[in-house]
2 protein chains.
Amino acid sequence: MPRKICSEKACFPIDAIKRLVGYYRDLKHLKEKGVNVISSFSLSEILGVSPEQIRKDLSYLGEFGKRGVGYDVEHLIKNLEDRLTIVRPSNAVICGVGRLGMALMGYAGFRDLNIRISAGFDVDEAKIGMEVAGIKVYHLRHLVKVCKRIHPEVAIISVPASYAQDVCDRIISVGVRGILNFAPVSLSVPNDIFISNVDLSVELGALLFCTRMGEAGGAKG
Amino acid sequence: MPRKICSEKACFPIDAIKRLVGYYRDLKHLKEKGVNVISSFSLSEILGVSPEQIRKDLSYLGEFGKRGVGYDVEHLIKNLEDRLTIVRPSNAVICGVGRLGMALMGYAGFRDLNIRISAGFDVDEAKIGMEVAGIKVYHLRHLVKVCKRIHPEVAIISVPASYAQDVCDRIISVGVRGILNFAPVSLSVPNDIFISNVDLSVELGALLFCTRMGEAGGAKG
DNA sequence: ATATGTGAACCATTTCACAGCA
DNA sequence: TGCTGTGAAATGGTTCACATAT
């Protein structure tokens with residue numbers, strides 16, 4: 001993934017986008033709790049992000065607040081849904097129905113973003129034809145055929161590392177332009193394809209290193 | 001998590017640490033394939049990171065290459081294991097043995113970093129006493145007692161969002177200083193605790209947004 | 001009075017360019 | 001000559017400070 005993303009109109013940092021998606025989710029929780037108006041300062045405490053950062057992030061998408069007052073929660077949610085294109089539903093597929101793949105098929109959080117997991121793929125004959133969380137599992141050899149019907153916008157790769165590049169290539173060949181990769185390898189893709197790596201052992205390894213370094217020194221940030 | 005981490009000797013960026021852990025993993029694959037010496041330029045193609053970036057990242061930990069030649073793969077691996085403290089084994093625990101928690105208990109990648117998942121915790125009586133991938137599941141109410149025996153350095157939180165802060169507090173109370181959080185909420189922790197959030201729907205949502213923006217514009221980075 | 005929105009200042013990381021060494 | 005290691009320059013995200021609006 002690049003560090004920032006641009007259209008003709010504007011550029012903004014990927015990290016800002018991720019934070020904004022997080023704001024959206026937490027704002028929905030706030031609304032359920034009956035909060036109608038909130039300032040960037042109060043939001044700051046809930047989100048663990050500075051008020052200036054929140055305001056700057058929101059300003060990438062437009063002006064949604066009232067000066068001297070704050071943000072109308074519902075209005076802000078609606079605008080985030082619109083600008084982040086959450087209103088527009090999407091299909092996704094999962095390649096690799098192992099333990100992790102199955103967990104992702106049942107992950108409720110995707111639905112909140114209007115993302116529907118429409119199919120799973122695996123090579124294990126025992127799994128073909130199964131339904132996991134209401135999602136049908138197909139053989140990987142039918143990937144192209146099934147995807148031509150489903151038209152997934154994004155794909156999740158949760159196959160073993162050694163299969164990942166092959167699956168990745170085939171996913172791209174059916175027109176998928178965004179890939180969330182859980183396989184612990186660096187995949188090579190054309191530079192019009194977005195690939196985001198969630199590397200669990202890298203995360204845990206880096207965390208462990210930090211705590212051990214912290215023992216002797218301390219974090220500064 | 002802060003942006004950088006410091007000891008008395010040096011400071012370096014968290015992102016560099018994460019990349020280094022990734023280099024370590026990919027170098028081990030390379031070694032298995034019989035590669036003995038490699039330049040930062042060849043590594044660049046495999047890792048998808050620029051040669052300068054690789055050299056700079058490595059330079060945070062020391063000087064491991066031979067000018068005019070490249071890096072001895074085995075020598076580099078040994079040094080990374082040493083400097084990233086991967087040689088030193090660690091225990092971790094997982095709080096929340098749902099679908100995701102179970103997947104993580106069986107995740108092979110942790111073992112490659114000498115990280116051992118030593119216990120799982122849940123509140124579901126049906127799961128208590130179970131073994132998942134050889135790891136015993138305890139009731140959450142015994143968290144403190146079991147952790148005092150195991151001495152985990154890091155913990156993984158994969159409980160529902162509403163339980164996460166409570167579990168987090170208790171984990172910290174037994175001396176854990178690093179937390180990998182999968183619950184989709186911002187947790188508040190003292191600032192000597194390292195917490196890394198893996199937010200699956202945020203990742204997928206941001207990815208989707210990028211592909212949709214990319215349709216009209218294009219990535220620059 | 002209060003809180004937003006934003007250009008400017010700041011600061012960290014990435015990239016560059018080249019000195020240093022095999 | 002070839003590739004590493006690293007100060008210096010550039011890039012770009014975050015923080016600051018304040019003008020602006022209610």
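When reading the values below, keep in mind they use all heavy atoms of this one structure, side chains included, and skip hydrogens, waters and symmetry mates. In what follows, chains are A, B, ... by sequence order, proteins preceding strands, each numbered from 1.
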Heavy-atom protein contacts under 4.0 Å, nucleotides 16-22 of chain C, coded B base, S sugar-phosphate only, - none
BB--BBS
Can you tell me how far P of dG7(C) sits from CD of Glu63(A), to the nearest Å?
10 Å
How close do Ile54(B) and Val49(B) get, heavy atom to heavy atom, and via which atoms?
CD1-O, 3.7 Å
From CG of Leu61(A) over to P of dG5(C), roughly how many Å is that when rounded to an integer?
11 Å
Kindly list each side-chain donor-acceptor pair under 3.5 angstrom involving residues 89-104 of chain A, sequence neighbours excluded, with atom names and distances?
unit_1	atom_1	unit_2	atom_2	d
Asn91(A)	OD1	Ser118(A)	OG	2.7
Asn91(A)	ND2	Ile150(A)	O	3.2
Arg99(A)	NH2	Gly106(B)	O	3.2

Residues passing the salt bridge (Lys or Arg N to Asp or Glu O under 4.0 Å) test with Asp82(A), sequence neighbours excluded, are none
According to side chain to side chain contact (heavy atoms under 4.5 Å, CB included), who are the partners of Asp26(A), at least two apart in sequence or on a separate chain?
His29(A), Leu47(A), Ser186(B)
Of Ser39(A) and Arg19(B), the one whose nearest nucleotide on DNA chain C sits closer to the 5' end is Ser39(A)
Run the side-chain hydrogen bond (donor to acceptor under 3.5 Å, both in side chains) test against Tyr107(A) and tell me which residues pass, sequence neighbours left out.
none
d(OH, Tyr71(B); C1', dC3(D)) in whole Å:
8 Å
Take atom CZ of Phe12(A) and atom P of dT14(D), then tell me their distance rounded to the nearest Å.
14 Å
For Asn197(B), give me all partners under side chain to side chain contact (heavy atoms under 4.5 Å, CB included), at least two apart in sequence or on another chain.
Asn181(B), Ile195(B)
Is there a side-chain polar atom (N or O) of Ser50(B) under 4.0 Å from OP1 or OP2 of dT15(C)?
yes
Among dT15(C), dA3(C), dT14(D), the one nearest any side-chain atom of Phe41(A) is dA3(C)
Return the value, rounded to whole Å, for the distance between atom CD1 of Ile17(B) and atom P of dT13(C).
11 Å
To the nearest angstrom, the CD-C1' distance between Gln53(A) and dG12(D) comes to 13 Å
Whole angstrom value for the distance that separates C1' of dC10(C) from NZ of Lys4(B):
13 Å
Give the rounded distance in Å between these two atoms: CD1 of Ile38(A) and P of dT4(C).
10 Å
